[in-house]
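Beneath this line is the structure, given in structure tokens, with notes to follow.
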Amino acid sequence: MKTHLLIRAKVSCEHFTRAAGGIPSVNREIFLLYLIKIGIAMLEIKFIRQNLSMVQEALSLRRQQASLDAFMTHEEERRLTLTQIETLRHRRNKVSETIATMKKSGREPLELVEEMRGVSAKIKDLEKALSENEEALFEILLSIPNIPHPSVPAGKDSNDNPVRKEVGEVPRFSFSPKAHWDLGESLGILDFERAARITGSRFPLYFGAGARLERALINFMLDIHTQESGYQEVLPPFIVNRRSMTHTGQLPKFEEDLFALKGWDYFLVPTAEVPVTNIHQGEVLEEEALPIRYTAYTPCFRSEAGSYGKDTRGLIRQHQFNKVELVWFSAPETSYEALETLLADAEKILKRLELPYRVVTLCTGDLGFSAAKTYDIEVWMPAQGVYREISSCSNFEDFQARRADIRFKRKGKKGTELVHTLNGSGLAVGRTVAAILENNQQADGSVIIPEALRPYMGGLEAIRP
RNA sequence: GGAGAGAUGGCCGAGUUGGUCGAAGGCGCUCGCCUGCUAAGCGAGUAUAUUCCGAAAGGGGUAUCCCGGGUUCGAAUCCCGGUCUCUCCGCCA
């Protein structure tokens with residue numbers, strides 16, 4: 001982490017070129033991606049121009065289709081037009097001043113006014129060209145993903161995610177454990193068939209102790225985060241506008257994953273990350289206020305486009321699910337410590353619920369669009385005999401902050417800096433219900449309520465058929 | 001849904017007969033001084049982005065007074081559209 005801060009702080013282009021040649025091959029990919037980050041994401045265009053081929057190579061390593069040629073064409077044009085405009089505007093400003101003083105002294109500056117008429121028309125033309133040009137440029141910029149932190153392992157998909165640790169005892173059953181959807185239906189607490197009639201597939205319908213379990217978990221999680229871990233609770237809008245979605249990176253690239261509201265240009269939130277991170281969009285925060293830490297419950301709505309046939313049964317992959325989220329606004333130099341704390345805060349919930357889980361570090365190929373580094377927490381699901389993601393904790397560094405314009409001011413220093421944003425599930429509630437059902441099931445079909453949760457369940461110790 | 005008011009710097013708040021307004025004043029903040037005792041006094045400084053010159057200190061350009069258009073040689077100021085906020089009426093969980 002030290003190195004990357006150093007790298008980013010200030011290094012000459014020659015330094016980069018030299019270093020890139022001499023680094024070990026495993027890190028080379030990440031290193032090159034880092035070049036893009038400081039280059040494109042930070043709008044350090046000069047660097048790209050001087051190291052075009054290397055940047056191009058780095059892009060292709062992330063299997064990016066984005067064309068740097070197009071980017072460069074637009075960028076060259078932009079700089080050219082901008083220079084012309086600024087020169088003309090300078091002239092106009094100067095002459096306007098002259099006109100003002102001349103008029104004051106009673107003279108009519110007819111020729112000057114005539115000249116300025118032409119200048120203004122020219123400026124208008126150029127401005128139109130510029131805005132078209134910038135639109136194209138901006139679109140490309142918004143489609144370029146964040147660059148992984150150097151500590152992120154290289155890999156191509158989830159099979160390459162190294163396991164960081166395993167926690168808890170995987171339960172042994174003297175019978176063959178049932179899937180949570182079977183348990184849920186036989187206990188009368190889950191009804192996917194009726195939910196499908198109400199809406200369609202992949203919507204949840206809870207009854208009785210099941211509905212209460214879901215509600216209990218939400219309260220339990222929020223209480224732990226606020227009372228023990230020091231987060232501030234927020235209850236944000238569940239519908240957000242296009243701008244907010246762009247700030248956190250869901251748009252423009254992933255619109256098909258979202259539910260949009262007809263006629264509104266509004267979207268149902270796919271995660272509380274979107275409304276909560278956007279709380280501070282466009283703000284300059286005080287250094288002493290950092291880190292700002294929020295926890296929020298929201299339902300989450302995802303179209304799950306492209307996941308047909310995957311996890312078709314049960315609570316694992318729903319169009320609507322509940323989640324308690326943790327969101328940080330951190331100073332850059334402490335954001336990776338923050339990520340560890342965030343992860344621990346999420347893990348705490350699983351420990352209290354006595355659910356076995358493991359933590360994996362996402363490799364470069366599995367990393368989400370906006371994230372620089374992500375840990376997934378995966379809970380053990382006995383019926384399928386696999387670990388399933390129940391939380392995802394990420395550091396976005398300044399990627400979202402740049403898009404959302406969230407900055408902070410250091411005491412006694414001039415200027416502002418972008419904050420780092422982080423977030424993680426703490427936890428996905430539906431999947432937690434599924435995990436409790438499967439891990440705590442008994443031979444007679446009943447399910448034991450984790451002790452920590454019983455106060456939230458009116459003292460109920462088990463859900464029985 | 002109907003009627004009206006408003007949107008200015010980190011915050012509050014002037015400025016609307018168009019022209020040295022990037023914007024008075026205050027608060028806050030930074031530095032220095034004084035006093036001496038816990039709360040004040042004095043002085044100086046203090047927007048952001050981007051670009052250029054410079055080793056740096058610093059200096060120059062451009063943009064930004066909600067957003068987008070328009071009028072004009074010139075717009076925080078005038079006109080049109082939009083967004084948001086507030087007040088009153090109606091309706092509603």
Side-chain angles (χ1 to χ4, degrees), chain A residues 9-15 38-50 74-135 137-138 141 235-247 261 263-266 275 278-290 292 329 331 398 401-419:
Chain A
K10 81 169 66 164
V11 190
S12 71
C13 297
E14 300 76 54
H15 181 111
I38 56 128
I40 293 176
M42 296 188 83
L43 295 167
E44 196 91 310
I45 309 301
K46 197 193 295 175
F47 175 79
I48 305 178
R49 229 181 302 127
Q50 293 172 352
H74 284 115
E75 171 52 21
E76 293 292 357
E77 192 189 320
R78 193 193 118 254
R79 293 173 66 247
L80 204 71
T81 317
L82 198 59
T83 317
Q84 291 175 6
I85 289 177
E86 292 196 345
T87 310
L88 288 173
R89 286 208 276 230
H90 179 54
R91 169 99 183 121
R92 184 178 65 184
N93 289 344
K94 281 290 168 217
V95 174
S96 287
E97 245 174 73
T98 313
I99 292 174
T101 49
M102 282 178 80
K103 281 205 160 187
K104 240 174 219 161
S105 59
R107 285 173 290 168
E108 268 313 310
L110 286 177
E111 336 70 55
L112 283 183
V113 169
E114 191 49 47
E115 187 204 337
M116 286 307 103
R117 233 191 283 276
V119 169
S120 281
K122 184 89 207 250
I123 291 177
K124 197 168 280 182
D125 287 349
L126 287 171
E127 279 175 342
K128 186 165 181 257
L130 181 70
S131 76
E132 282 166 9
N133 171 259
E134 284 186 331
E135 204 171 303
L137 192 68
F138 205 48
L141 274 176
L235 188 58
F238 300 160
I239 294 174
V240 300
N241 59 29
R242 181 173 292 275
R243 183 160 26 93
S244 292
M245 284 290 189
T246 306
H247 289 163
L261 272 82
W264 279 86
D265 212 27
Y266 286 172
N278 275 289
I279 287 174
H280 294 299
Q281 60 175 289
E283 292 185 19
V284 178
L285 306 168
E286 299 284 338
E287 183 182 15
E288 315 89 84
L290 300 178
I292 295 172
F329 299 83
D398 58 16
R402 180 174 301 104
R403 290 169 159 239
D405 188 27
I406 307 170
R407 294 166 293 150
F408 76 105
K409 186 169 167 27
R410 291 194 196 270
K411 239 182 150 57
K413 283 216 175 163
K414 234 178 133 58
T416 56
E417 292 174 50
L418 294 167
V419 301

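Naming: A, B, ... by sequence-line order, numbering from 1 per chain. Quantities reported herein were computed from a predicted structural model and do not represent experimental measurements.
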- Query: How close or far is atom P of B/rU50 from atom CG of A/L80, stated in whole angstroms?
  - Reply: 21 Å
- Task: Kindly give the heavy-atom pair with the smallest separation between A/F329 and A/I406, and that separation in Å.
- Result: CE2-CD1, 3.9 Å
- Under a 4.0 Å heavy-atom cutoff, the residues of residues 122-132 of chain A touching RNA chain B are A/K124
- Using the side chain to side chain contact (heavy atoms under 4.5 Å, CB included) rule, take A/L290 and A/F408 through it: C-alpha gap first, then chi angles, then the decisive distance, then the call. CA-CA 9 Å; A/L290 300 178; A/F408 76 105; 3.7 Å; yes
- Task: Could you check which nucleotide pairs with B/rG32 in any of the strands shown, counting Watson-Crick or G-U wobble with both distances under 3.5 Å?
- Result: B/rC42
- Item | Nearest-Å distance for atom pair CD/P, residues A/E283 and B/rG9 | 13 Å
- Message: Which residues pass the side-chain contact (heavy atoms from CB on, under 4.5 Å) test with A/T101, not counting sequence neighbours?
- Response: none
- Message: With a 3.5 Å limit on both atom pairs, tell me what B/rC78 is paired to, counting Watson-Crick and G-U wobble, or say none.
- Response: B/rG70
- Message: If I take atom CZ in residue A/R402 and atom P in nucleotide B/rU48, what distance separates them, rounded to the nearest angstrom?
- Response: 18 Å
- Residues in side-chain hydrogen bond (donor to acceptor under 3.5 Å, both in side chains) with A/D405, at least two apart? A/R407
- Task: Provide, to the nearest angstrom, the distance between the CZ atom belonging to A/R242 and the C1' atom belonging to B/rG82.
- Result: 17 Å
- Gap between atoms CZ and C1', on A/R243 and B/rC67 respectively (whole Å): 10 Å
- Please state the C1' separation for the pair B/rU64 and B/rG22 - nearest whole angstrom. 9 Å
Can you give me the N/O atom pairs linking the protein to nucleotides 60-65 of chain B at distances under 3.5 Å, or say none if there are none?
residue : atom : partner : partner atom : Å
B/rG61  : O3'  : A/H90   : ND1          : 2.8
B/rG61  : N2   : A/E86   : OE1          : 3.0
B/rG61  : N2   : A/E86   : OE2          : 3.3
B/rU62  : OP1  : A/H90   : ND1          : 2.9
B/rU62  : OP1  : A/N93   : ND2          : 3.3
B/rU62  : O2'  : A/R89   : NH2          : 3.3
B/rA63  : OP2  : A/N93   : ND2          : 3.4

- Message: Looking at B/rC91, which nucleotide sits across from it as a Watson-Crick or G-U wobble partner, both distances under 3.5 angstrom, or is there none?
- Response: none
- Item | Non-neighbouring partners of A/D265 that pass side-chain contact (heavy atoms from CB on, under 4.5 Å), sequence neighbours left out | A/R242, A/F267
- Listed nucleotide nearest any side-chain atom of A/R117, set B/rG10, B/rU72, B/rU48: B/rU72
- Working to the nearest 0.5 Å, report the span between CD1 of A/I239 and CG of A/L261. 5.0 Å
- Which value, rounded to the nearest 0.5 Å, describes the distance between A/M116 atom CE and A/T98 atom OG1? 9.0 Å
- Identify the nucleotide, in any strand shown, that forms a Watson-Crick or G-U wobble pair with B/rG4, with both distances under 3.5 Å; if there is none, say none. B/rC86
- Message: Taking B/rC79 as the reference, what is the distance to B/rU16 when you measure between their P atoms (whole Å, please)?
- Response: 14 Å
- Query: Who is the Watson-Crick or G-U wobble partner of B/rA57, with both distances under 3.5 Å?
  - Reply: none
- Can you name the residues that form a side-chain hydrogen bond (donor to acceptor under 3.5 Å, both in side chains) with A/Q84, not counting sequence neighbours? none
- Message: Tell me every residue that passes side-chain hydrogen bond (donor to acceptor under 3.5 Å, both in side chains) with A/H74, counting only those two or more places apart in sequence or in another chain.
- Response: none
- Task: Round to a whole Å and report the spacing from CD1 of A/I406 to C1' of B/rG10.
- Result: 16 Å
- Base partner of B/rC11, which must satisfy Watson-Crick or wobble distances under 3.5 Å: B/rG26
Check the interface with nucleotides 16-23 of chain B: list each N/O to N/O pair with the protein under 3.5 Å, or write none.
residue : atom : partner : partner atom : Å
B/rG19  : N2   : A/S96   : O            : 3.3

- Item | Any residue meeting salt bridge (Lys or Arg N to Asp or Glu O under 4.0 Å) with A/R243, in chain and number order, not counting sequence neighbours | none
- Task: Find the partner of B/rC21: check Watson-Crick (N1-N3 plus N6-O4 or O6-N4) and G-U wobble (N1-O2, O6-N3) distances, both under 3.5 Å, and reply none if neither fits.
- Result: none
- Calculate the interatomic distance between A/N241 atom CG and B/rU83 atom P; express it in whole Å. 13 Å
- By side-chain contact (heavy atoms from CB on, under 4.5 Å) - contacts of A/L82 (at least two apart): A/R78, A/E86, A/L130
- Query: When you compare B/rG81 with B/rG60, how far apart are their C1' atoms, in angstrom units rounded to a whole number?
  - Reply: 38 Å
- Task: Just name whichever nucleotide pairs with B/rA49, Watson-Crick or G-U, keeping both distances under 3.5 Å, else none.
- Result: B/rU62
- Here the side chain to side chain donor-acceptor pair (under 3.5 Å) pairs for residues 124-134 of chain A, sequence neighbours left out, are A/R89-A/E127
- Message: Between B/rU20 and B/rA75, how far apart are the two C1' atoms, rounded to whole Å?
- Response: 15 Å
- Rounding to the closest angstrom, what is the interatomic distance between B/rU48 and B/rG9 at atom C1'? 9 Å
- Starting at atom CD of A/E111, determine the distance to atom P of B/rC73, rounded to an integer number of angstrom. 14 Å
- Query: Do we see a donor-acceptor contact under 3.5 Å between the side chains of A/N241 and A/S244?
  - Reply: yes
- Task: In whole angstrom, give me the gap between the C1' atoms of B/rC73 and B/rG2.
- Result: 44 Å
- Task: For nucleotides B/rA24 and B/rC31, find the distance between their C1' atoms and express it as a whole number of Å.
- Result: 24 Å
- Expressed as a whole number of Å, how far does the C1' atom of B/rA76 sit from that of B/rC21? 8 Å
- Task: Could you name each residue pair satisfying salt bridge (Lys or Arg N to Asp or Glu O under 4.0 Å) that touches residues 91-111 of chain A, not counting sequence neighbours?
- Result: A/R91-A/E115
